[in-house]
Amino acid sequence: MTQTGVLPLIDLVADAVSRTVSVVRPAAAGADPVVRRSAHADFQSNVALSLAKRLKVKPVELATEFAENLESVGAPVVSVKLSGPGFLNIGVSDRAVWQQVAARLADDRLGVAASEGGCRTVVDYSAPNIAKEMHVGHLRTTIIGDSLARVLEFLGAEVVRQNHLGDWGTQFGMLIQYLDEHPDARWRHEDLGERDGSSVSALDALYKAARKEFDADSAFADRSRARVVALQAGDPATLARWREIVSESEQAFADIYRRLGVLLTAEDSVGESFYNSMLVDTVDELVGKGIAVESDGALVVFSEEVNGPDGRPVPLMVRKRDGGYGYDTTDLATIRYRISELGAQRLLYVTDSRQALHFQLIFETARRAGWLTEKVDAEHIAYGTVLGPDGRPFKTRAGGTVRLMDLLDDAFTKAREVVADKDPDLAPAELDKIAEQAGIGAVKYADLSTSRVKDYTFDLDRMIAFNGNTSVYLQYAHTRIRSILRKAGESTPIVDVDVVLEPAERALALELDAYSSTVREVAETLEPHRLCGYLYELARDFTTFYDNCPVLSAAEPLRGNRLALCRLTAATLSHGLGLLGIAAPERM
Ligand code: ARG
């Protein structure tokens, strides 16, 4: 991709306001120009309001001073009007708008600059547990994490994806022992038929059976415990079996990743077991620095920031009384490794909000240990729960966990109905393909378009609809524009910058101009729903434009200019959907 040379209008206007501020009020130079798109003008700046207090001037007076200077700075600004208590309503020239459209059209990056400057960013997401089915609980981390990774990578961050698989723990001793005692059990993918489901569902069931036997039969429980010791001691036969279980599970996860269209591959899998050999060192360092202390035979770190309900500092478990290490210790070794060995400058952990305290304690400990410094930014990207129709965490009718694969199958089936209804002429193979893109897209979009921290209800009827803020609506808008473009012939339209803008053209062009600031905002807030909201507005602005401004029947130069808007809208929709990890088909 070429590095963009296009400066969006909103940035040019912000720049002009900044220059005005530094000329008129040098003391406030460098202040945020607070420029936004506005319903009342092309752009609006609230800079006078934001600076008034600091400069001890009435906002209106300050705004008047700014307005006079801003009027004289020239292109792209052509008009400045005062409104309300001190807003600056700023208009730009038609010519500047068309120039912007033309420049963006010629730019692979659609005017979005690479603002992340190679920042090495570790994104920890998905992280299902080995030998356990991926369920609805893994949906959000996988989808949100993947979209953030795509956005940051596009903005020039050096993204390191990490799938922190739960591949270690005492439960594997039990499972391995059980498999050995039941050699006829079928769980390897080559032994499974079409209707058996994946090897991970088979393992999940066998694990449950093992658990039952463990609770019922003390001799089996003893053999299982011995097996845990063998696994931890690296007994070759036990390790070989464990590796097999991991690899079978990973293949099943890969099927889901492929279907969801997420970027995770085998290389990104760095499970909990990877940090085994680092646990002792990590703990020793914490003890040596006086951060981890003994408590009741265990080693813990007492928080200096968080107290529990009993008013006492919350502990982080570093080593259990039996000498074992758990989730906390692994995450301490992990953060240490990611900073010192992977050279992370930014660490993102995408897990549900119930893990907020866990990560707060991990970050605090890492800071006290000196691993996490001011140069490194660590954030827990928390999200809410997926709810069922009853408003409670989503479960199957029988009350079990909802398998991710079943959920995707349901989405496909529903999308097939909806798409077939809209376009009965589609050939079955094409219908299947589109239904998969629409169904998977809908599941992802419904998740990404709600504000991350909120819960949302999983409702296929609402998610897979041609109306409303859905991916199907956006995908369909995209196909409609592509069809106009096919009719027009594919050559790049010529933009005449002297054409007078219609209001609907202006609204669309300025919305297109906001793409770069939107993507930047997603990177800053790590909230993909802002991009969803933007794409939805864009598609609606396009509809208004298309209802008011004939394209194919218009005469040149109007036709060329309008085709340019069509092209740019299609490209922006498809690129934006791409950053969300959603396909933009040619036809629906
Ligand atoms: N496997 C964990 C779970 O299912 C999530 C791991 C998240 N990543 C981390 N570094 N702790 O809850």
Side-chain angles (χ1 to χ4, degrees), residues 1-8 10-11 14-15 30 32 107-127 141-164 262-265 267-270 274 331-351 356 359-360 362-367 369-383 448 452 514-531 534 575-576 578-581:
M1 281 226 165
T2 55
Q3 178 62 36
T4 189
V6 186
L7 261 187
I10 190 165
D11 291 359
D15 209 45
D32 181 349
D107 178 24
D108 283 350
R109 295 187 56 93
L110 299 166
V112 185
S115 51
E116 288 291 310
C119 177
R120 211 161 163 67
T121 307
V122 173
V123 187
D124 179 319
Y125 68 105
S126 196
T141 170
T142 306
I143 294 176
I144 296 169
D146 202 60
S147 173
L148 292 178
R150 286 170 189 264
V151 169
L152 294 170
E153 196 152 72
F154 173 59
L155 292 182
E158 203 188 307
V159 172
V160 184
R161 295 177 180 76
Q162 294 282 285
N163 195 354
H164 194 79
V262 299
L263 301 168
L264 287 170
T265 66
E267 281 97 85
D268 307 316
S269 290
V270 186
F274 176 79
D331 259 327
L332 287 170
T334 303
I335 196 167
R336 182 173 176 256
Y337 175 84
R338 286 180 182 167
I339 296 169
S340 67
E341 301 299 315
L342 296 182
Q345 297 167 287
R346 193 175 190 194
L347 295 155
L348 307 181
Y349 293 83
V350 190
T351 80
F359 285 110
Q360 192 181 348
I362 295 289
F363 299 162
E364 183 197 331
T365 305
R367 264 193 301 273
W371 307 327
L372 190 57
T373 61
E374 274 130 53
K375 285 190 218 122
V376 186
D377 173 46
E379 282 169 83
H380 174 219
I381 314 302
Y383 53 81
L448 293 167
R452 214 182 60 222
Y515 187 53
S516 63
S517 52
T518 304
V519 177
R520 216 156 49 205
E521 206 178 297
V522 173
E524 274 156 22
T525 58
L526 304 170
E527 290 179 340
H529 77 270
R530 293 166 188 266
L531 179 55
Y534 167 82
H575 191 272
L579 290 181
L580 299 171

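When a residue number appears, it is its place in the shown sequence, counting from 1. Reckoned from all heavy atoms, side chains included, excluding hydrogens, waters and symmetry mates.
Using a 4.5 Å cut-off on side-chain heavy atoms (C-beta onward), Phe363 and Glu379 make no contact. Taking 4.5 Å as the limit, some side-chain heavy atom of Phe359 sits within range of a side-chain heavy atom of Thr351. Inter-residue side-chain proximity for Val350 and Leu526 is flagged as unmet; no heavy-atom pair is nearer than 4.5 Å. Two residues are said to be in side-chain contact when any heavy atoms from C-beta on lie closer than 4.5 Å; Val122 and Val160 meet this criterion. Contact check for Gln360 versus Glu364: no side-chain heavy atoms found under the 4.5 Å cut-off. Here the side chains of Gln162 and Leu342 are in contact, with some heavy-atom distance below 4.5 Å. Residues Thr141 and Tyr349 have side chains not in contact (no heavy-atom distance under 4.5 Å, counting atoms from C-beta outward). You'll find the side chain of Ile362 reaches within 4.5 Å of the side chain of Leu332, heavy atoms only.
The distance from atom CG of Leu110 to atom OH of Tyr515, rounded to the nearest 0.5 Å, is 6.5 Å. For the atom pair Leu579 CG and Asp146 CG, the distance stands at 11.0 Å (nearest 0.5 Å). One distance of note links CG of Leu348 with CD1 of Ile144; it measures 12.5 Å at 0.5 Å rounding. In this structure, the separation between CG on Leu148 and CG on Leu580 is 10.0 Å, given to the nearest 0.5 Å.
The two residues Ser126 and Leu264 come nearest to each other via the heavy atoms CB-CD1, 3.5 Å. Here the closest non-hydrogen pair linking Ser147 and Leu448 is CB-CD2, 4.1 Å. Closest non-hydrogen pair, Pro8 versus Gly111, comes out as CG-O, 3.8 Å. Smallest separation of non-hydrogen atoms from Leu155 and Ala113: CD2-O, 3.5 Å. The two atoms that bring Val112 and Asp107 nearest to each other are N-OD2, 4.4 Å, heavy atoms only.
Every side chain to side chain donor-acceptor pair (under 3.5 Å) that Glu521 has, sequence neighbours left out, goes to Arg530. The side chain to side chain contact (heavy atoms under 4.5 Å, CB included) search around His164 returns Asp124, Ala127, Glu272, Tyr275, Thr330, Asp331, Thr334, Arg338, not counting sequence neighbours. Every residue was checked against the ring-ring contact (aromatic ring centres under 6.0 Å, His included) condition with Tyr125, not counting sequence neighbours, and none meets it. Taking Glu153 as the reference, Arg161 meet the side chain to side chain donor-acceptor pair (under 3.5 Å) condition, with sequence neighbours excluded. With sequence neighbours excluded, the residues forming a side chain to side chain donor-acceptor pair (under 3.5 Å) with Ser269 are Glu250, listed by chain and number. Residues passing the side chain to side chain donor-acceptor pair (under 3.5 Å) test with Thr365: none are found, sequence neighbours excluded.
Ser517 places a side-chain N or O within 3.5 Å of a backbone atom of Ala514 that can act as its donor or acceptor partner. For the pair Asp268 (side chain) and Thr265 (backbone), a donor-acceptor distance under 3.5 Å is present. Although no hydrogens or angles enter the test, the distance criterion places no donor-acceptor pair under 3.5 Å between the side chain of Thr121 and the main chain of Arg346. Arg109 contributes no side-chain N or O that, together with a main-chain N or O of Val6, makes up a donor-acceptor pair within less than 3.5 Å.
Classification of the Tyr337-Phe274 ring pair by plane angle, with boundaries at 30° and 60°, yields perpendicular.
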